[in-house]
Amino acid sequence: MERPEEKPHMPESLFGTPFVAAPMAGGTSTPALVKAVHEGGGLGFIAAGYKSPEAMTAEIAATRELNVPFGMNVFVPDPSQLTPGPGARAELEAYRAELEPEAARYGVTLPPLRLDDDDAWQDKIDALLADPVEFVSFAFGLPGKPVVQALQKVGSRVISSVTSVDEALAAAEEGPDAIAVQHSSAGGHTAAFLPGRQGPAARTTSELVAQVRAAVGLPLIAAGAIMNTAVLRDVLAGGAVAAQVGTALVRTDESGARKPHKDALGDPAFTGTAMTRAFTGRWARSLVNEFVRDHQDAPEGYPAIHHLTSPVRAASSAAGDPHRLNLWAGTGWQQAREGSAKDVVREFLNGL
């Protein structure tokens with residue numbers, strides 16, 4: 001009889017592991033990725049963003065069948081983006097006109113402006129209360145104390161995402177079980193929800209974690225350019241109980257990321273990342289491609305711009321063209337590698 005493969009020894013934390021897979025919306029996080037991360041010794045997350053409540057609950061059911069612990073991430077809607085004033089609406093219409101040549105490139109049609117999408121917020125919260133998962137994390141804002149308490153009452157542990165000390169203090173007032181602290185080096189969308197920069201800028205993820213650690217007493221999960229064991233060790237030393245890792249998993253076999261996205265992370269033709277609103281109307285860190293360069297003045301307008309660019313991005317992916325695709329990547333993207341996510345997680349943890 002074969003002995004089961006042993007998992008690497010790891011420090012205990014709120015999650016039973018210091019490695020948490022970042023919830024990557026848009027199809028990158030999958031049940032298969034959750035399972036592979038678990039097999040490597042980490043905790044996986046799936047993402048509710050851009051999914052209907054029915055699709056979210058179906059993915060929860062599929063992940064639960066794998067008999068591994070996991071979490072679900074939910075986007076918090078911003079009411080101000082759902083009711084833009086005349087000036088903001090005019091900017092969005094102008095950007096739509098700017099995107100027409102991009103649509104013509106692939107023979108697709110841009111949709112009309114959509115300003116009423118709250119990502120089915122209440123329906124998703126109701127579903128998570130009716131069928132609880134182990135962990136629920138939130139991004140783009142705070143869910144509110146009643147939501148936090150209701151989820152905790154049904155047995156879920158709640159994680160709020162922040163990018164500064166001021167945001168962490170606001171999050172702590174709602175009583176979550178932990179706070180995810182995201183540095184600006186992280187790939188994909190920023191979790192920021194307070195306007196402007198609050199407090200001193202942190203040069204590194206571990207420095208930001210230390211700043212937040214000094215201000216709040218909740219368990220912290222570090223996020224941002226965590227690509228190897230050395231950085232993982234640094235953020236744990238800075239006061240985090242775990243690291244949230246995204247970019248390092250995008251190229252793995254179990255990732256659902258589009259092939260041009262995976263390939264671009266390993267393509268030396270891409271030489272940098274930048275924060276951009278070009279794809280979704282919300283600041284996000286992407287590899288710099290033609291679309292990023294061509295639309296540097298994209299206005300604020302999430303998720304309206306996400307819906308505008310969606311057909312262009314889908315057509316770009318179908319054509320194998322990475323230059324009109326959102327290539328989310330943290331600043332350490334060059335260290336992302338192919339293979340099983342299980343092996344990537346093990347490599348992180350075996351050095352601790």
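Excluded from the calculations below are hydrogen atoms, water molecules and symmetry mates; all remaining heavy atoms, backbone and side chain alike, are included. From a predicted model like this one, the values you see are computed outputs, not experimental measurements.
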Quiz prompt | Option passing salt bridge (Lys or Arg N to Asp or Glu O under 4.0 Å) with Asp119 (candidates Arg114, Lys51, Lys124) | solution =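 Checked Arg114, Lys51, Lys124 against Asp119; only one passes salt bridge (Lys or Arg N to Asp or Glu O under 4.0 Å): Lys124.
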Please confirm whether the backbone N or O of [Y] pairs with a side-chain atom of [X], one donor and one acceptor, at under 3.5 Å?
X: Arg89; Y: Pro84; answer: no
X: Thr205; Y: Gly224; answer: yes
X: Asp267; Y: Asp263; answer: no
X: Thr309; Y: Val312; answer: no
X: Thr57; Y: Pro53; answer: yes
X: Arg346; Y: Gly41; answer: no
X: Arg282; Y: Thr190; answer: yes
X: Glu167; Y: Leu194; answer: yes
X: Arg258; Y: Leu325; answer: no
X: Arg213; Y: Leu218; answer: yes

Common cluster, [X]/[Y], ILVMFWY with side-chain heavy-atom separation under 4.5 Å:
X: Val154; Y: Ile125; result: yes
X: Leu249; Y: Leu349; result: yes
X: Leu352; Y: Val344; result: yes
X: Tyr50; Y: Ile305; result: no
X: Val37; Y: Val250; result: yes

Quiz prompt | No-hydrogen, no-angle side-chain donor-acceptor test under 3.5 Å, Ser80 and Asp78 | solution =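 Side chains of Ser80 and Asp78: pair found under 3.5 Å.
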Exercise. For Ser340 and Glu254, test the side chains for any donor-to-acceptor distance below 3.5 angstrom and give the result as yes or no.
Key: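 There is such a pair between these side chains.
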Practice problem: Applying side-chain contact (heavy atoms from CB on, under 4.5 Å), run through Asp343 and Arg337 and close with a yes or a no. | Solution: CA-CA 10 Å; Asp343 295 332; Arg337 65 178 180 84; 4.0 Å; yes
Should [X] and [Y] count as side-chain neighbours, where that means a heavy-atom distance under 4.5 Å?
X: Phe270; Y: His323; value: yes
X: Glu300; Y: Gln81; value: yes
X: Pro23; Y: Gln244; value: yes
X: Ile226; Y: Phe348; value: yes
X: Thr17; Y: Phe15; value: yes
X: Pro69; Y: Leu43; value: yes
X: Thr163; Y: Phe193; value: no
X: Leu33; Y: Met24; value: yes

Roughly how far, to the nearest 0.5 Å, is [atom2] of [Y] from [atom1] of [X]?
X: Ile46; Y: Met72; atom1: CD1; atom2: CE; answer: 3.5 Å
X: Ser316; Y: His261; atom1: OG; atom2: NE2; answer: 12.0 Å
X: Ile179; Y: Glu174; atom1: CD1; atom2: CD; answer: 10.0 Å
X: Thr247; Y: Leu265; atom1: OG1; atom2: CG; answer: 7.0 Å
X: Leu151; Y: Ile159; atom1: CG; atom2: CD1; answer: 11.5 Å
X: Leu208; Y: Ser164; atom1: CG; atom2: OG; answer: 8.0 Å

Specify the closest pair of heavy atoms between [X] and [Y], including all atoms of both residues, with the distance to one decimal.
X: Ser286; Y: Thr276; answer: CB-CG2, 4.2 Å
X: Leu82; Y: Asp116; answer: CD2-C, 4.2 Å
X: Ala21; Y: Gly44; answer: CB-CA, 4.0 Å
X: Leu169; Y: Val216; answer: CD2-CG1, 3.8 Å
X: Leu308; Y: Pro111; answer: CD2-O, 3.3 Å
X: Pro260; Y: Pro322; answer: O-CB, 4.2 Å

Quiz item: Are Glu338 and Arg251 within salt-bridge range, i.e. N to O under 4.0 Å?
Solution: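 Salt bridge present between Glu338 and Arg251.
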Quiz prompt | Salt bridge Arg105-Glu102, side-chain N to carboxylate O under 4.0 Å | solution =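 Judged by the 4.0 Å cut-off on N to carboxylate O distance, Arg105 and Glu102 do form a salt bridge.
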Practice problem: Quick one: list whatever passes ring-ring contact (aromatic ring centres under 6.0 Å, His included) with Phe70, sequence neighbours left out. | Solution: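 For Phe70, no residue satisfies ring-ring contact (aromatic ring centres under 6.0 Å, His included) once neighbours in sequence are set aside.
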Quiz item: Taking only residues two or more places apart in sequence, or in another chain, which ones meet Phe291 in a ring-ring contact (aromatic ring centres under 6.0 Å, His included)?
Solution: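 Once residues adjacent in sequence are excluded, the partners of Phe291 under the ring-ring contact (aromatic ring centres under 6.0 Å, His included) criterion are Phe279, His295.
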Exercise. Evaluate the criterion side-chain contact (heavy atoms from CB on, under 4.5 Å) for residue pair His38 and Lys35; output intermediate values, then yes/no.
Key: CA-CA 5 Å; His38 172 77; Lys35 182 180 180 182; 5.6 Å; no
Practice problem: Go through the steps for Arg157 and Leu14 under the test side-chain contact (heavy atoms from CB on, under 4.5 Å), then give the verdict. | Solution: CA-CA 9 Å; Arg157 292 188 173 184; Leu14 176 71; 2.8 Å; yes
Practice problem: Using side-chain hydrogen bond (donor to acceptor under 3.5 Å, both in side chains) as the criterion, point out the one residue from His307, Arg313, His189 that pairs with Thr280. | Solution: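 Result: among His307, Arg313, His189, His189 is the only option passing the side-chain hydrogen bond (donor to acceptor under 3.5 Å, both in side chains) with Thr280.
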Practice problem: Take atom CD of Glu173 as the centre, draw a 6.0 Å sphere, and report whether it contains more than 12 heavy atoms from other residues, nucleotides or ligands. | Solution: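 Incorrect, the count does not exceed 12.
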Counting only pairs under 3.5 Å, give me each side-chain donor-acceptor contact of residues 128-143, with atom names and distances, residues two or more places apart or in other chains.
{"residue": "Asp131", "atom": "OD1", "partner": "Arg64", "partner atom": "NH1", "Å": "2.9"}
{"residue": "Asp131", "atom": "OD2", "partner": "Arg64", "partner atom": "NH1", "Å": "3.0"}
{"residue": "Ser137", "atom": "OG", "partner": "Asn73", "partner atom": "ND2", "Å": "2.8"}

Exercise. Kindly indicate, with the supporting measurements, whether the criterion side-chain contact (heavy atoms from CB on, under 4.5 Å) is fulfilled by Asn326 and His306.
Key: CA-CA 10 Å; Asn326 50 311; His306 158 74; over 6 Å; no
